[in-house]
Amino acid sequence: MTAFTMPSTLPDPVNSDGLAALQAGLESDLERLGLPRKAWTAPRRAPDGTTLLDVLVIGAGQFGIGVAAALKLAGIRNFLVIDRAEEGREGPWVTYARMPTLRSPKHLPGICFGIPNLTFQSWYRAVYGDAAWEVLYKIPNQDWQDYILWVRTALALPVRNGADAIDLRPAPDHVAVVLKSGETLYAKRVVVASGRTGTGGWTNPPGISPELGPDRLAHTMHDIDFARLKGKKIAIIGVGASAFDNAATALEAGATSVDLFARRPALPQVNKGRPSSAMGFLEGWQSLPDADRWRLGVYLDLMTGVPPHETLLRCLRIPGMKVHFRTKFRSATPTATGVQIEIENGPAGEYDFLILGTGFRVDLAQEPIFASIYPDIRLWQDAYAPPEGLERPHLGLHPYLGETCELQSKSDAPLNRIHLFNMASYMSAGFVAADVPSLDIAPERLVTGLSQKLFAEDFEPIFESLQAWEDEHELATTPFYSPDHVNKSAR
């Protein structure tokens, strides 16, 4: 895919031994903390005779790797992470994210669990040096991707790339996950950490002709050959951050002009995502009554994100961009060589290419992996009726999740072994699995819930293991040692 990069702004690594020293420091941290914990789960057989995985994580992006790291540190060793992409191409950072840096500030700790040598800052200083960190503004995309891969390697997390999950088949005591290859994996619990693109795809506004092919139409998440847009007239529906990122990339590739169309009268001016990712929201959202969770969801849905100022300044560096507010998109149909766009209160007419900057939707009915279970999934529209004035049908399509982000069933289907850890959890749990600010909190919180469920459902074999344990004869070196009372009550 075509991503935006600024290699001239990335410093060269200054210390080839930096990562080795960081790894040694991390290993020292883990040893002092007694991490990872000893393995404690109970083995069970899968229907095919193999050992059931305790947890299968679908998605090896930042949250999938975060959950994997938390699982290993918590002593849950029998797990696997799978991702359809090749190694290094997971998530958006070097694929469809066409901004030079993350939108989050550099000081966010990353996938660290309170361990200093696991933070992004420690990784960056090890690779580029302290001086580079001091002058760094925001995190370059490639560096963030490299950091995620380093965490994966440093903790020796089990990841299979090129494994595409296409179906979930839950049973009372496990979930079968069917891969595109035909292989089936079995796990006690499944975590779907498939990011923004794994909750129903992109939002496709009414009026887009199905006859428009990829030579004339793309969403911002698609692979776009921007070199082909040189000298072309481009239209973009939407004025979110990704819409402006694609506008800038098109202009930098030599597009003659880019027109962005917005329904709103102006751009948002403040980013409510900053305060709503504070600790209180991350820890407290799920404990709120449904009415308050709905109010929060509606408010933040209205107060959409702000395109970063550096994104807008990037667009303005090259002439050719125009933003049209208070417009209403009607239709897009193919012409002999381009796209005919009908739009109210804006420059309707023929364009060479149309980009949809319309964001992503949460509608599991549109996500193939949920096809066989979707009729049984309980949604917010099934659980809560909002008061007059707060109706938002698209928010009602969000799944109504349990305390560990597990699916709930409208029937007696055993869905609660499937945990959603992406934007589909937003209405139920807030921003815990949404973006970088929650990475140091959310995976560990999820794994605490998974640990509780694994312990409860496997209590009998775990209890039997406790009763059989006699690895340490504490008094063997004292006069009070009594072999006949080993593993017996002394009462």
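In this structure the side chain of Gln408 never reaches within 4.5 angstrom of the side chain of Leu415, judged on heavy atoms. Looking at Tyr351 and Ile234, their side chains never come closer than 4.5 Å, going by heavy atoms from C-beta outward. Proximity of Phe79 to Lys72: side-chain heavy atoms (C-beta onward) are separated by under 4.5 Å at one or more points. Residues Leu118 and Leu26 form a side-chain contact, since some pair of their non-hydrogen atoms from C-beta on lies under 4.5 Å apart. For the pair Phe226/Phe353, no side-chain contact is recorded, criterion being any heavy-atom separation below 4.5 Å from C-beta on. The shortest side-chain heavy-atom distance between Leu267 and Val306 does not fall under the 4.5 Å cut-off. Side-chain contact between Ser276 and Trp285 is absent, with no heavy atoms from C-beta onward closer than 4.5 Å. A 4.5 Å side-chain heavy-atom check between Ile418 and Ile373 finds at least one atom pair inside the cut-off.
Pairing each heavy atom of Gln286 with each of Cys405, the nearest pair is NE2-N, 4.3 Å. Across Asp440 and Pro109, no two heavy atoms sit closer than the pair OD2-CG, 3.4 Å. Leu251 approaches Cys315 most closely through the heavy-atom pair CD1-O, 3.8 Å. Heavy atoms only, all atoms of each residue included: Pro307 and Leu312 are closest at CB-CD2, 4.1 Å. Taking each heavy atom of Gly88 and Val94 in turn, the nearest pair found is O-CG2, 3.4 Å. The nearest pair of heavy atoms linking Met321 to Val323 is CE-CG2, 4.2 Å.
The backbone N or O of Phe421 sits nowhere less than 3.5 Å from a side-chain atom of Ser425 that would complete a donor-acceptor pair. The main-chain N or O of Val177 is never found under 3.5 Å from a side-chain atom of Thr184 such that the two would form a donor-acceptor pair. A donor-acceptor pair is defined here as one N or O able to donate and one able to accept, closer than 3.5 Å; no such pair exists between the side chain of Asp259 and the backbone of Ala235. A donor-acceptor contact shorter than 3.5 Å is absent between the side chain of Asp164 and the backbone of Lys180. The closest donor-acceptor contact from the side chain of Ser331 to the backbone of Gly207 lies at 3.5 Å or more, if one exists at all.
Here Pro375 pairs with nothing under the side chain to side chain contact (heavy atoms under 4.5 Å, CB included) rule; sequence neighbours left out. Among residues two or more places apart in sequence or in another chain, the side chain to side chain donor-acceptor pair (under 3.5 Å) test is passed with Gln23 by Glu27. The ring-ring contact (aromatic ring centres under 6.0 Å, His included) search around Phe120 returns Trp123, Tyr124, Trp144, Tyr147, not counting sequence neighbours. Every residue meeting the ring-ring contact (aromatic ring centres under 6.0 Å, His included) condition with His324, not counting sequence neighbours, appears here in chain and number order: Phe261. Annotation: side chain to side chain donor-acceptor pair (under 3.5 Å) contacts of Thr333 (sequence neighbours excluded): none. Remark: His219 pairs with Trp202, Phe360 by the ring-ring contact (aromatic ring centres under 6.0 Å, His included) rule, at least two apart or across chains. In this structure Phe113 satisfies the ring-ring contact (aromatic ring centres under 6.0 Å, His included) test with no other residue, sequence neighbours excluded.
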Could you go step by step and tell me if Asn141 and Gln145 meet the side-chain hydrogen bond (donor to acceptor under 3.5 Å, both in side chains) rule?
-> CA-CA 6 Å; Asn141 289 9; Gln145 183 74 21; over 6 Å; no
Passes side-chain contact (heavy atoms from CB on, under 4.5 Å), Leu407 versus Asp376? Steps please.
-> CA-CA 10 Å; Leu407 289 174; Asp376 294 308; over 6 Å; no
Start with the C-alpha gap between Met427 and Trp294, add the side-chain angles, then the distance that decides, and say whether side-chain contact (heavy atoms from CB on, under 4.5 Å) holds.
-> CA-CA 7 Å; Met427 285 301 296; Trp294 186 266; 3.4 Å; yes
Walk me through it: do Lys106 and Lys138 pass the test side-chain contact (heavy atoms from CB on, under 4.5 Å)?
-> CA-CA 5 Å; Lys106 71 176 184 180; Lys138 287 185 176 179; 5.8 Å; no
Given the rule in the side-chain contact (heavy atoms from CB on, under 4.5 Å) test, do Leu108 and Leu439 qualify, once you have shown the distances and angles that lead to the verdict?
-> CA-CA 9 Å; Leu108 294 174; Leu439 268 176; over 6 Å; no
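Enclosure of atom CZ in Arg293 by more than 12 non-hydrogen atoms of other residues, nucleotides or ligands within 6.0 angstrom is indicated. Other residues, nucleotides and ligands contribute at most 12 non-hydrogen atoms within 6.0 Å of the NZ atom of Lys322. In this structure, Glu134 places its CD atom where more than 12 heavy-atom neighbours from other residues, nucleotides or ligands lie under 6.0 Å away.
Checked by atom type, the side-chain pair Thr404/Arg189 shows no donor-acceptor distance below 3.5 Å. Side-chain atoms of Ser194 and Asn422 include a donor-acceptor pair closer than 3.5 Å.
Each of Glu87, Glu183, Glu90, Glu86 was checked for a salt bridge (Lys or Arg N to Asp or Glu O under 4.0 Å) with Arg160, and the lone residue meeting it is Glu183.
The structure places CG of Leu168 at 4.0 Å from CD1 of Ile369, a figure rounded to the nearest 0.5 Å. Residue Leu149 holds its CG atom at 7.5 Å from CD1 of Ile65, rounded to the nearest 0.5 Å. Interatomic distance, CD of Glu406 versus CG of Leu446, reported as 9.5 Å (0.5 Å rounding). One distance of note links CD1 of Ile148 with CG of Asp143; it measures 11.5 Å at 0.5 Å rounding. The structure places CD1 of Ile111 at 8.5 Å from CZ of Phe63, a figure rounded to the nearest 0.5 Å. To the nearest 0.5 angstrom, Met221 atom CE is 11.0 Å from Thr358 atom OG1.
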Using atom types as modelled, flag every donor-acceptor pair under 3.5 Å from a side chain in residues 338-348 to any protein atom, sequence neighbours excluded.
unit_1 : atom_1 : unit_2 : atom_2 : d
Gln340 : NE2    : Glu342 : OE2    : 2.9
Glu344 : OE2    : Arg330 : NE     : 2.7
Glu344 : OE2    : Arg330 : NH2    : 2.3
Asn345 : ND2    : Arg326 : O      : 2.9

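Between Arg317 and Glu252 there is no salt bridge, since no side-chain nitrogen of the basic residue lies less than 4.0 Å from a carboxylate oxygen of the acidic one. Salt bridge Asp435/Arg196: present, at least one basic N to carboxylate O contact under 4.0 Å.
Pairs passing the side chain to side chain donor-acceptor pair (under 3.5 Å) check and including a residue from residues 379-393, sequence neighbours excluded, read Trp380-Ser428. Pairs passing the salt bridge (charged side-chain N to carboxylate O under 4.0 Å, His left out) check and including a residue from residues 349-374, sequence neighbours excluded, do not occur. Residue pairs meeting the side chain to side chain donor-acceptor pair (under 3.5 Å) criterion with at least one member in residues 231-246, sequence neighbours excluded, are Arg98-Asn246, Arg103-Asp245. Contacts classified as ring pair (Phe, Tyr, Trp, His ring centres under 6.0 Å) and involving residues 227-252 (residues at least two apart or in different chains) are not found.
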